[in-house]
Amino acid sequence: FTNIKTITPRSTQDTLQGTNVNNTWTLTGAETDAIQGSISWGSLTQNFTRMNKLIGGTLNDTFSIGSAGELSGLIDGGSGTNEIEGPAGTGIVIWTYGETIGGYFSGSIKPTDTATAIPFSNISNITPQSTEDTFQGPDEVAIWTINDNNAGTVTWNGEANFINFTDMNNLIGGNQTDTFTIVGLNKLTGTNGINGGSAGTNEIQGPNSVDTAWTIDTIDGSNYAAGNLMSTGAGGATAFSNIKKVIGRTTGIPENTITR
């Protein structure tokens, strides 16, 4: 069709396919809103609504998700170098990762902690922008290494699978045992910090190179502890919860203190 100003989808499976140029997408509202989002390329912008699935073109697509953005289907980046930008601000944003194939990965984003997750695939990069971005780990026996502020690596299946993460203020383990190791003066700045997950014998290994003060605030009926740890010189504490074991410095003369 041509010379059309407005389209009104009526199916529950409507898909918007982007043009084969560099596209910038926004998802700012619900599917039932007058404007759910927009797609821009060059000097042109087209608003859309009632779309259930978005598919990028053959070049680079950037999808910017607002805190009120909703999509009942899927964001498919298409080919090219594709990016998802999370909502800015101070709200909790929950990211999960699926499999990685050919340099593209899949997963989902919940723009708020109470929102419905929006699945995505064929994405090259993600850009967290909240002060409470949260990475939900796999339901596997996983080993986490925090080797920079709000950044590190998680591995599972004997290190056959791994994901590098950056700008994640909080981490959540899966439903099996998760081990978290903090390297040097690094920390998580989110309100929740490290959450060991819903099950497993979860543990935290403190840094070897610095003195660390551990505070245990609560221990629940299943012997999961919550509290925080602060290493001398780190400039702030890392909160934790759902942890069954804490391990202090394992080399040199230990200077770890525990307060309850």
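Keep in mind that this is a model prediction, so the values were computed, not measured.
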Does the side chain of [Y] come within less than 4.5 Å of [X]'s, by heavy atoms?
X    : Y    : value
T145 : F162 : no
T96  : K110 : no
D178 : W144 : yes
Q13  : K53  : no
S38  : Q46  : no
F240 : W214 : yes
P207 : S231 : yes
V93  : T112 : no

Would you say the side-chain atoms of [X] and [Y] include a donor-acceptor pair closer than 3.5 Å?
X    : Y    : answer
T26  : S64  : no
N82  : S124 : no
E31  : S72  : yes
Q176 : D139 : no
T232 : D211 : no
T153 : N164 : yes

Indicate the atoms forming the closest heavy-atom contact of [X] with [Y], along with that distance.
X    : Y    : result
P111 : G66  : CB-O, 3.5 Å
T90  : T131 : CA-OG1, 3.3 Å
M168 : P128 : CE-CG, 3.8 Å
I109 : G86  : CD1-CA, 4.1 Å
T49  : A34  : CB-O, 3.6 Å
P119 : G73  : CD-O, 3.1 Å

### Query
Would E70 and D33 count as a side chain to side chain contact (heavy atoms under 4.5 Å, CB included) if you check the C-alpha gap in whole Å, the side-chain angles of each, and the deciding distance to 0.1 Å?
CA-CA 10 Å; E70 293 182 7; D33 288 349; over 6 Å; no
### Task
Going by the side chain to side chain donor-acceptor pair (under 3.5 Å) test, name the single residue among T24, N60, T127 that passes it with E83.
T127
Can you tell me how far apart [atom1] ([X]) and [atom2] ([Y]) are? Round to the nearest 0.5 Å.
X    : Y    : atom1 : atom2 : result
E140 : T155 : CD    : OG1   : 11.0 Å
I92  : T191 : CD1   : OG1   : 7.0 Å
D133 : W95  : CG    : CH2   : 6.5 Å
N202 : N242 : CG    : CG    : 7.0 Å
T81  : N122 : OG1   : CG    : 12.0 Å
S121 : L74  : OG    : CG    : 4.5 Å

### From CA spacing to verdict: side chain to side chain contact (heavy atoms under 4.5 Å, CB included), T15, I55
CA-CA 7 Å; T15 299; I55 303 178; 3.6 Å; yes
Between [X] and [Y], is there a donor-acceptor pair closer than 3.5 Å when you use the side chain of the first and the backbone of the second?
X    : Y    : result
D220 : N223 : yes
E85  : T62  : no
Y104 : G77  : no
T177 : G200 : no
N147 : V183 : no

Please check if [X] and [Y] belong to a single hydrophobic cluster, counting links between Ile, Leu, Val, Met, Phe, Trp and Tyr side chain heavy atoms closer than 4.5 Å.
X    : Y    : result
I75  : I94  : no
I243 : M230 : no
L188 : I172 : no
I216 : I194 : yes
I35  : L44  : no

### Task
Please assess D61 against N23 for the test side-chain hydrogen bond (donor to acceptor under 3.5 Å, both in side chains), listing each intermediate value before the final yes or no.
CA-CA 5 Å; D61 289 83; N23 298 307; 2.9 Å; yes
### Message
Between T238 and N228, does the side chain to side chain contact (heavy atoms under 4.5 Å, CB included) criterion hold? Intermediate values first, please.
### Response
CA-CA 5 Å; T238 296; N228 67 75; over 6 Å; no
### Message
Taking side-chain contact (heavy atoms from CB on, under 4.5 Å) as the criterion, tell me which of I146, N195, V154 meets it with L171.
### Response
I146
### Summary
The complete set of ring pair (Phe, Tyr, Trp, His ring centres under 6.0 Å) pairs with one or both residues in residues 25-75, sequence neighbours excluded, reads W25-F63
### Query
Between T134 and N169, does a side chain to side chain contact (heavy atoms under 4.5 Å, CB included) hold up when you go through it step by step?
CA-CA 6 Å; T134 301; N169 315 98; over 6 Å; no
### Query
When you look at Y97 and F135, which way does the ring-ring contact (aromatic ring centres under 6.0 Å, His included) test go after all the steps?
CA-CA 8 Å; Y97 291 82; F135 176 24; 4.7 Å; yes
### Task
Classify the angle between the aromatic ring planes of F105 and F120 as parallel (below 30°), tilted (30 to 60°) or perpendicular (above 60°).
perpendicular
